[in-house]
Amino acid sequence: DGSVETQDVGRDPAPSFDCFYVYPTVNLTSSAESDEAMASDPAAELAVVRAQAARFSQVCHVYAPLYRQLTLRGFGSSRSAELSERAYEDVRYAFEHYMAQWNEGRPVLLIGHSQGSFVLLQLLDREFDDDPDMRARLVSAMLIGGRTEVPEGKDRGATFENLPACTSDTQTGCIVGFNSAATDTTHEDLSRWGGAAQGHDRLCTNPAALAGGKAPLKSIFANQGSFMKPGKAAAVSTPWVELDGLLEGECVHDAHSTVLQVTASDAPGDQRDVGDRIKSVPGWGLHISEVGLTQGNLIELARSQGAAMR
């Protein structure tokens, strides 16, 4: 109805598990190779960590390493393989340091978006998939906007041999993965973000309904302006804005793609406005905003899976 309510969201002072988060591509320089300037001015990295990872401190200790990532231009560089490996090695070293110095035997949940998901996919493949002890310590891995694949009709066996897709909120040692699209996302972009190799499907696990079907999304966005329809603006000064139940998500599959399709629930009289956030961006679909679109569901899933590890 256009009204707002402020909630105090506290950090859990003694969570039972940790979250290890790897951020997406934020280095937008024209160079193919990111330099060391990020260490002295990590403003872009800190902004995305606040937007995508800070709220997870409700349920876990959050660790977020700085790493030398590929720039957007770097993905098309002749050195992309070398630079990708360097990004992975930075995160691997950070993970080893975290495990040795700070983990103290707690279970760990991995969270990544976009390039962060690609890096964590490698870490899971090399350090977890074939190691039963490491798998036993894994709460889950949230590989959002990545490229996890499964054989058609299976929950594992393509990207990972032993790590299955999550199908319930109490299952642990499993993978949550999806790529988001809007109803107006083009066929080309659906194939780009939701396509897979012959005989495979792109993994789609709806964090609001792991068993399948359509379900309400609990969206949490970093506050960047009004979230009300024109003429219904309300003053919002909090760091985040929650838009519970305004959107719905469902994994949709066709011959060319599998994506998490996000739509507005269109409840009568609802004055909240996320039109720009569910409007497909050419070349990107809903990739840029997909963590915020599902963040409340991901946090609640993390809470439930973490409790199941006890």
Side-chain angles (χ1 to χ4, degrees), residues 15-25 45 48-49 51-67 69 84 87-150 155-156 159-167 169-179 203 205 207 210 290-291 294-295 297-309:
S16 62
F17 66 100
D18 295 343
C19 291
F20 187 87
Y21 163 80
V22 184
Y23 53 84
T25 305
E45 288 82 3
V48 76
V49 170
Q52 294 190 346
R55 286 290 295 263
F56 280 88
S57 62
Q58 296 171 235
V59 297
C60 59
H61 290 295
V62 178
Y63 296 88
L66 193 69
Y67 70 105
Q69 63 176 201
S84 292
Y88 166 71
E89 287 296 322
D90 277 4
V91 173
R92 182 179 69 84
Y93 285 133
F95 184 75
E96 289 179 353
H97 182 80
Y98 149 75
M99 290 293 289
Q101 299 296 322
W102 297 318
N103 175 260
E104 299 179 348
R106 290 184 295 272
V108 59
L109 186 150
L110 303 181
I111 308 167
H113 181 228
S114 195
Q115 183 170 175
S117 287
F118 286 97
V119 172
L120 287 179
L121 185 152
Q122 295 176 75
L123 186 73
L124 286 159
D125 180 55
R126 302 181 193 186
E127 306 294 332
F128 284 82
D129 196 30
D130 292 329
D131 187 332
D133 292 333
M134 290 298 287
R135 294 200 306 271
R137 299 183 67 171
L138 183 66
V139 177
S140 69
M142 297 180 175
L143 305 182
I144 305 158
R147 199 181 178 91
T148 306
E149 297 185 6
V150 292
D155 69 351
R156 74 193 85 180
T159 301
F160 303 113
E161 289 296 324
N162 300 299
L163 293 166
C166 296
T167 56
D169 62 4
T170 57
Q171 182 182 2
T172 60
C174 55
I175 307 296
V176 174
F178 59 88
N179 296 75
L203 179 64
T205 49
L210 291 175
E290 62 194 346
V291 174
T294 58
Q295 187 163 191
N297 306 96
L298 292 168
I299 291 169
E300 291 308 309
L301 176 57
R303 189 194 305 276
S304 179
Q305 290 179 321
M309 294 288 288

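Computed from a predicted model, the values in this text were never measured in an experiment.
For S304 (side chain) and L301 (main-chain N/O), no donor-acceptor pair under 3.5 Å exists by modelled atom type. Under a 3.5 Å cut-off, the side chain of N179 and the backbone N or O of R147 do not form any donor-acceptor pair. T148 contributes no side-chain N or O that, together with a main-chain N or O of L203, makes up a donor-acceptor pair within less than 3.5 Å. In this structure, the side chain of D129 engages the main chain of N162 through a donor-acceptor pair within 3.5 Å.
The two residues G145 and F118 have their closest heavy-atom pair at O-CE1, 4.2 Å. Closest of all the heavy-atom pairs between A308 and T172 is CB-CG2, 4.0 Å.
Rounded to the nearest 0.5 Å, atoms SG (C19) and CE (M142) are 7.5 Å apart. Separation of atoms CZ (F17) and CG (L138) is listed at 11.5 Å; rounding is to 0.5 Å.
Aromatic ring pairs are classed by plane angle as parallel below 30°, tilted from 30° to 60° and perpendicular above 60°; the pair Y63 and W102 is parallel. Note: F20 and Y98 have tilted aromatic rings, judged against thresholds of 30 and 60 degrees for the angle between ring planes.
No side-chain heavy atom of L123 sits less than 4.5 Å from a side-chain heavy atom of V22.
Remark: R135 fails to qualify as a cation-pi partner of F160 under the 6.0 Å distance and 45° angle criteria applied to the six-membered ring.
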